[in-house]
Amino acid sequence: MKILCVAEKNSIAKEVTNILSGGSSRTRDSSYKFVKNYDFTYNFPRLGQCQVTMTAVSGHILGTDFGPEYAWGRCPPGRLFDAPLVTKVAADKDKRSQKIHDNIVKESRNADKLMIWTDCDREGEHIGWEIMHIALLKNPRLNHLGTWRAQFSHLEPAHIVAAARDPKLLDMRLVEAVECRKEFDLRVGLSFTRLLTNVYKSRGLVGDKEVVSYGTCQFPTLSFVVDRYLRVKNFTPEPFWLLNVVVERNGQKVPFTWSRGNIFDKAFVAIIYTQLLRAPNDAKITHVGTSPTSHYRPFPLTTVELQKCCSLFFKMSAKRALDAAELLYTAGFISYPRTETDRFPANMDLLSYVNKQKQDAKWGAYALKLADSGAFRQPRAGKHDDKAHPPIYPVKYTKLDTLKPDQQKVYEFVVRRYLACCSDDARGFKSTVNMEWCKEQFSATGVQVTERNYLDVYIYQLWQSSQLLPDFQQGQAANIHSAKVKEGKTSPPEYMTERELISLMDVNGIGTDATIAEHIDKIIQRNYISRRKMGTKEVFIPTSLGVALIQAFDAILKDRISMSKPFLRRALEGLLQKIARGEITRQDVVNQLLPMYKEAFTETNRMSSLLADTFTETNRRISENT
DNA sequence: GCAAGGTC
């Protein structure tokens, strides 16, 4: 029997080959230089000894487009809402897709079975379907039932062997969901992009080579930055007043906080302040207490959390962090780095991965303590599960100095985060002292950390004991050292940072783990937003074009659906998940949602002069400001 | 010249 195996990328094909063949395989070139064909034999349970060829694609091979009669300029943009879709081999400049396509046709000709080894997520399932579709062109045996689907989520040998021995079928519901997404992104993206570009260009508002694009992910992303920018710009600071009281005890000066906090009425604070000053000996300690407090260990690691942490701890951009993680994954050191899951499956042997870290010079002693002296704890379980991949964890040990600098940081972080997850919470005590002075309440607090636990390995987080409070006694008079009225000002929100933008996109389902960083780059290229240094921080500021686009869309569609808010994309995502669960069909979704987009298009087209006017107006306002 | 999603 001959089996053709196809992975999503060459590095996976190579690694799976290594595992299944026990290291003895023959390598042949394919028509595409970054994809190899690996030949070996393997014993499949129901088939016996088989001749296996393992090859790969490089992401999607087929693309969805419109026919030539719907090219830019050949038809009104609105026609793209009902123009027929054409699926064909993607046209890329080095003919990569065509070469990969040809390799699959050739290698599948004599195969008895096709086995799909793409990533186990929605897009991976769709790529698997593309591969099957291509293989079926010249080999009728490789239909849906002749095609196996290997399910795996990391490259540990035992796991890969298990996947090879227990193949499933392709899940066509996932394939349908992806087809649906592609249809919406294409119809809406191209029609609005052509409309916007035509309008701005005909008024001479953008350069000849420029494109004013609309994308279902680009605009919600832009909208987050614009909303924040306007909130900062429109902010008016308000003054407030508060009381600062310092009590002296055993020679130690202890600041107390006023329970009323910041007050916006100056006269009110002044009245109370006068009362206090009239009765300097009236202050009394009313309560002294100590209660346990803790810092929870972190949740298991997701992609977005990885990107946020790398941005915060190492000042590494989302793109760089993911690139480093990807390399660590293909080298077999960490599990698949694109996951939304923040809970480990119940049956996973978590302790075995702790054991593998015992040998390290920096964190080995901690791992040893976790594993061998009963300090190991089952990690907390978050609420997210993508049903495809577990949280990111260190699969295999490696010495840091074998890795490149970015990978060192990311690997060390993944390990420390994992060990922290498997540790106990940090514990301590919080002491509170309450004081009453002329019926006003004040309090002072102190923290004592007694058990550091996970903090010892998760060195990125600080929790330290504060200065010890002196020995106050309940009922005792308090010796006021000083009392002052302080004036403050409310401060505006900060401009959007990359870390916050990633969070917002993630929460609202804008883009995927792998594309969030790209959407941000795209709207920078389009001159909708720009990066700017503010002190030590880097923030995003929208351009006048970016502000105008959002404001014009909001004005035109104020009573209809919003093209700039995340609502539509989120609604689509929810419906895609229903398709994936088999509750509705792709056609149901098209019938329900496409008319709403089309209506928004018609209205935008009708009021297109407003788009240009808003831009002219924003430009004028901003140049007046500067 | 246009989208978003894979991948390099």
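Note on naming: letters A, B, ... go to the chains in the order of the sequence lines (proteins, then strands), and numbering restarts at 1 for each one.
- Not one side-chain nitrogen or oxygen of A:Thr512 sits closer than 4.0 Å to the OP1 or OP2 atom of B:dG5.
- The CG-P distance, from A:Asp119 to B:dG6, rounds to 9 Å in whole Å.
- Taking 4.0 angstrom as the limit, A:Ser213 places a side-chain polar atom (N or O) nearer than this to OP1 or OP2 of B:dA3.
- Note on A:Ser58: a base of the nucleic acid sits closer than 4.0 angstrom, heavy atoms only.
- Rounded to an integer number of Å, the gap from A:Ile131 CD1 to B:dT7 P is 12 Å.
- A:Arg526 places its CZ atom 12 Å from the P atom of B:dG1, with the value rounded to the nearest Å.
- B:dG6 atom P lies 10 Å from atom NE2 of A:His389, rounded to whole Å.
- With the nearest nucleotide of DNA chain B identified for both A:Arg569 and A:Ser11, A:Arg569 has the one nearer the 5' end.
- Across all strands shown, A:Gly59 has heavy atoms under 4.0 Å from base atoms, whether or not it also approaches the sugar-phosphate.
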Using the rule given for salt bridge (Lys or Arg N to Asp or Glu O under 4.0 Å), can you reason through A:Arg122 versus A:Asp171, listing the C-alpha separation, both sets of side-chain angles and the distance that settles it, and then say yes or no? CA-CA 9 Å; A:Arg122 214 158 66 186; A:Asp171 188 341; over 6 Å; no

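- When the side-chain nitrogen and oxygen atoms of A:His519 are compared with OP1 and OP2 of B:dG5, one or more of them lie within a distance under 4.0 Å.
- Taking atom OH of A:Tyr528 as the reference point, atom P of B:dA3 lies 9 Å away to the nearest angstrom.
- In this structure, CD of A:Glu130 is placed 12 Å from P of B:dT7, rounded to the nearest angstrom.
- Nearest nucleotide to the A:Arg338 side chain, out of B:dT7, B:dG1, B:dA3: B:dT7.
- At the phosphate of B:dG6, neither OP1 nor OP2 sits under 4.0 Å from any side-chain N or O atom of A:Arg181.
- Between A:Tyr336 and the options A:His159, A:His154, A:His389, a ring pair (Phe, Tyr, Trp, His ring centres under 6.0 Å) holds for only A:His389.
- Using a 4.0 Å cut-off between charged side-chain N and carboxylate O, A:Glu538 and A:Arg531 make a salt bridge.
- Among the protein residues, A:Asn10 comes within range of no part of the nucleic acid, since none of its heavy atoms lies under 4.0 Å from any strand.
- Remark: C1' of B:dG1 and NZ of A:Lys522 are 11 Å apart, rounded to the nearest angstrom.
- Of the candidates B:dG5, B:dG1, B:dA3, the closest approach to any side-chain atom of A:Lys201 belongs to B:dG1.
- With rounding to the nearest 0.5 angstrom, the OG1 atom of A:Thr216 is 9.0 Å from the CE atom of A:Met563.
- Nucleic acid contact class of A:Arg122 (heavy atoms, under 4.0 Å, all strands): none.
- Taking the six-membered ring for Trp, A:Tyr42 and A:Phe40 have ring centres at least 6.0 Å apart.
- Among the nucleotides B:dA3, B:dG6, B:dG1, the one closest to any side-chain atom of A:Glu8 is B:dG6.
- You'll find that the side chain of A:Val211 is closest to B:dG1, out of B:dG5, B:dT7, B:dG1.
- Under the stacking definition used here (centres under 5.5 Å, planes under 30°), the residue A:Tyr214 fails to qualify as stacked on the base of B:dA3.
- Here A:Phe219 lies out of heavy-atom contact (under 4.0 Å) with every strand.
- Residue A:Lys9 places at least one side-chain N or O under 4.0 Å from the OP1 or OP2 atom of B:dT7.
- Within 4.0 Å (heavy atoms only), A:Gly511 reaches sugar-phosphate atoms of the nucleic acid but no base atom.
- Spacing between atom CG of A:Asp521 and atom C1' of B:dG5 amounts to 16 Å, rounded to whole angstrom units.
- No option in A:Pro345, A:Pro390, A:Ser335 other than A:Pro390 meets the side-chain contact (heavy atoms from CB on, under 4.5 Å) test with A:Ser153.
- Residue-to-nucleotide proximity on DNA chain B shows that, of A:Asp65 and A:Ser97, the 5′-proximal contact is made by A:Asp65.
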